[in-house]
Amino acid sequence: MTSFVKNSPMHFLDELNESQRKAAEHLYGATMVIAGAGSGKTRVLTYRIAYMIEKEIDPFNILALTFTNKAAREMTERIGSIIGGQEAKNITMGTFHSVFSKILRFNADRIGFPNNFTIYDTQDSKSVLKDIIKGFKLDDKTYKPSNVFGRISTAKNNLISPEAYCQNPEIILEDKQSRRPEMGRIYTSYMNRCQKSGAMDFDDLLYYTNVLLRDFPEVLHYYQHKFKYILVDEYQDTNYAQYLIIKKLAAAYENICVVGDDAQSIYSFRGANIENILNFRKDYPDFSLYKLEQNYRSTKNIVEAANSIIKNNKDQIHKSVWTDNQVGNKIKVIRTPTDNEEGRTVSSMIKEKQSETNSSYNDFAILYRTNRQSRSFEEALRKLNIPYKVYGGLSFYQRKEIKDLLAYFRLSANPNDEEALKRVINYPKRAIGKTSIEKLIIAANSYSTSMWEVICDFQKYPVDINNGTKSRIAEFATMIKSFQSEINNKDAFSLAERIARSSGIMKELMDAKDKGPEEVERFQNVEELLSGIQEFSNSSDEENPNTLADFMLEVALLTDADQDKSEEINHISLMTIHSSKGLEFQNVFLVGMEENLFPSQMSLHSRSDLEEERRLFYVAITRAMESCTLSYAVSRFLWGQSISCEPSRFIDEIDSKYIEFSSKSKSLGRGLSMKGFEGTRSGGLNKISSNPNLRSLKDVSRNQKTNTDDKNIKVGFNVEHQTFGKGKVTHMEGFGADQKATIFFPHHGSKTILLRFANLQVLD
DNA sequence: CCAGTACTTAGGTTG
DNA sequence: TAAGTACTGG
């Protein structure tokens, strides 16, 4: 087990400094490590776990919780490289959500869920809420799904059950004051709907874990004794539900080590609670505290500038971060006339520096407060032919085409998953209309069963839908059942491929491919998902194939960071400050340093919000190793109009010793800006003198009468449509006013059209 | 059922 | 401005 010691003359702990080493070696009792930015926090955690195993602690007894999947994976790898992969595998390591979702699946029957429960993402949750709000006949402007979702999420994160919510006088008053008295009813109904669908949202994973540990002492007992050693990374980002899980699990042995930095807490807006750090001393009065204060990442100027900023916050645990590194250059501040100019200036500065020092583009990052700011930089970088990658935004798994296919998988694994069912029952088009679906939903509610049960047995659950539609629905159900029968035994890839084909999704995307590059991309995305599944299939052994059901257990908790392929490529990184947390770059450009943008306008009302913005600024500055440049624009386009901006107060908060104002910006601004203004508003130049559209409209209306009620259209007829041109009728359905024709148009593909409106000319 | 149009809204983001 | 949704007319 300890063979690595023989090979290396030096013990791995020797690579740590004194306080790092103390924190790593102190294995018993409650320990808190407050780790300044760049102080080697991950290294301490890694070595601590390696040391535990060296001390013959069984990896099976270790629970390590991280903030992201990526962090968990990297740590497992690093530990594996020190003590051997086999040992590392037995550690329970992952995010709260992934670790506890597994525990919940194992114990699902105790809390009234199937063990293959679906995990709803935010989109799914909001869609459920929208339905409920509509069902209650409430105004969806007062009850915006995202607002309601946020409110419910907060409640769950604070372990307030629907019943408690409805009875809490304070909450009732709050909702009354915000004119949303029905919130409690919506919350209750939402919980019921999810349970009926066999689904949990992300917050439920934490909520129900608490329920499980609270109501089933034997379960609590089991995990308390399994997880004798508990480690939590990024402790400042935990919420109350997470805090309580840890507290309960650690209660038996109290071997708990939390690592965090209060100065880098930037997620309170979604429930993270700095109090958890402060409470630690109350819960474990005998705790030991270690502070990691030596920064290995940045120059003296950067470290000290960052210190001078964070000093302005009132709420914080005192620590003094310092470094042995060189003094380095001062932080540069540049000013540009417009946001577009900011893009050009920063891009050319990067180009200059890159060719001067012959460094890799990977050494550069542009950080901003909001995603929309990326635009001006992307444009400028493209013009200069500088490779870049924008991080964040829509993730792979959120894309429509991916969600569509996954919905088939989800439905096959758990047919009660109502969101999945609604998503694909008529996609690709199989003539099951909105009205029919609505009727199904209402029926399911009134029979208090799931939509799936209804569509499987119209005898038992009569619904007022015409027979043609009913038989198409039945056909759909049969197809899903045939997938269902294979989901637990056939290997993931062959079933996935079959579903993609026989659902019609592949054909749908294939046919659209010649429409444009976006359609091609969609098709490729689905191919990529399938090849990912193939990989998953191949990694299993002969005896127990990895099934699609297995795949679905993992996929809901994956994010696009989990399938990084661009890591090696040479490019600049563009991202929000939030997503830069935990990363480091030689050169950081922090852009958009303006009042109302950073700090954000919405943070100006309360001190604590402003302090969070300041911590965000602290995080941004401390990403830089060697150089840090701040920029701001004097005017900026915001929602279609140009507004004038003032430099951020944060610039003033940096001790002037550490910054210099670049003169470059001034000279750049002068000559160019005037030109930009001319020519842009050429008033009424485009005014249309004669309007050809008007004419054609008239012509059309005259034609209309002649052939609308010509009902003698049959399959095989050649017809002409006003907008689609000539085509051939391939299918007819419905009667009278509902009569529809499916027509193949050589230039527009196949369309199903209501004859009542179609205005068709029969050609033969 | 399809497609064009009117209307609305705009933060950060992991699981 | 841009993007997404709801509505409406053919």
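Letters A, B, ... mirror the listed sequences (proteins, then strands); counts begin at 1.
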Taking atom [atom2] of [N] as reference, at what distance in whole Å does atom [atom1] of [X] sit?
{"X": "A/Asn340", "N": "C/dT1", "atom1": "CG", "atom2": "C1'", "result": "12 Å"}
{"X": "A/Phe202", "N": "B/dT14", "atom1": "CZ", "atom2": "P", "result": "11 Å"}
{"X": "A/Asp609", "N": "B/dG12", "atom1": "CG", "atom2": "C1'", "result": "12 Å"}
{"X": "A/Glu554", "N": "B/dG15", "atom1": "CD", "atom2": "P", "result": "14 Å"}
{"X": "A/Gln123", "N": "B/dT14", "atom1": "CD", "atom2": "P", "result": "15 Å"}
{"X": "A/Leu597", "N": "B/dA10", "atom1": "CG", "atom2": "C1'", "result": "13 Å"}
{"X": "A/Tyr267", "N": "B/dT14", "atom1": "OH", "atom2": "P", "result": "6 Å"}
{"X": "A/Asn239", "N": "B/dT14", "atom1": "CG", "atom2": "C1'", "result": "11 Å"}

Is it true that the side chains of A/Ser197 and A/Asp417 contain a donor and an acceptor less than 3.5 Å apart?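 Side chains of A/Ser197 and A/Asp417: no pair found under 3.5 Å.
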Check whether the side chains of A/Arg105 and A/Asn115 place a donor and an acceptor atom closer than 3.5 Å, and report yes or no. no
Which part of the nucleic acid does [X] contact within heavy-atom distance under 4.0 Å: base, sugar-phosphate only, or nothing?
{"X": "A/Lys130", "answer": "sugar-phosphate"}
{"X": "A/Thr122", "answer": "base"}
{"X": "A/Phe637", "answer": "nothing"}
{"X": "A/Asp203", "answer": "base"}
{"X": "A/Ser600", "answer": "base"}
{"X": "A/Glu613", "answer": "base"}

Which atom pairs link the protein and nucleotides 2-9 of chain B when you take only N or O atoms and keep those under 3.5 Å?
| from | atom 1 | to | atom 2 | distance (Å) |
| --- | --- | --- | --- | --- |
| B/dA3 | OP1 | A/Lys751 | NZ | 3.3 |

Using only side-chain N and O atoms of A/Arg372, determine if any of them is under 4.0 Å from OP1 or OP2 of B/dG11. yes
State whether A/Asn371 places a side-chain N or O below 4.0 Å from either non-bridging phosphate oxygen (OP1 or OP2) of B/dT13.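 Yes, within the criterion.
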Whichever of A/Ala556 and A/Met602 has its nearest DNA chain B nucleotide further upstream toward 5':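 Nearest nucleotide further toward 5': that of A/Met602.
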Map A/Gly433 and A/His97 onto DNA chain B by nearest heavy atom, then report which one ends up closer to the 5' terminus.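 Closest to the 5' end, via its nearest nucleotide, is A/Gly433.
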Sequence neighbours left out, what passes salt bridge (Lys or Arg N to Asp or Glu O under 4.0 Å) with A/Glu521? Give chain and number order.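 For A/Glu521 the salt bridge (Lys or Arg N to Asp or Glu O under 4.0 Å) partners, ignoring immediate neighbours, are A/Arg399.
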Contacts of A/Glu379 that satisfy salt bridge (Lys or Arg N to Asp or Glu O under 4.0 Å) - sequence neighbours left out: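 Scan of A/Glu379 (salt bridge (Lys or Arg N to Asp or Glu O under 4.0 Å), adjacent residues dropped) gives A/Arg375.
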In this structure, are over 12 heavy atoms from other groups packed under 6.0 Å from A/Phe106 atom CZ? no
Closest to the A/Arg369 side chain: B/dT14, B/dG15, B/dG11?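 It is B/dG11.
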A/Ile274: side-chain contact (heavy atoms from CB on, under 4.5 Å) partners, not counting sequence neighbours: A/Asp262, A/Ser265, A/Arg615
Residues two or more places apart in sequence or in another chain: which of them pass side-chain contact (heavy atoms from CB on, under 4.5 Å) with A/Thr435?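 Scan of A/Thr435 (side-chain contact (heavy atoms from CB on, under 4.5 Å), adjacent residues dropped) gives none.
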So, A/Phe269 and B/dG12: ring centres less than 5.5 Å apart, planes less than 30° off, yes or no?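 A stacking contact exists, since A/Phe269 sits close and nearly parallel to the base ring of B/dG12.
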A/Tyr368: ring pair (Phe, Tyr, Trp, His ring centres under 6.0 Å) partners, not counting sequence neighbours: none
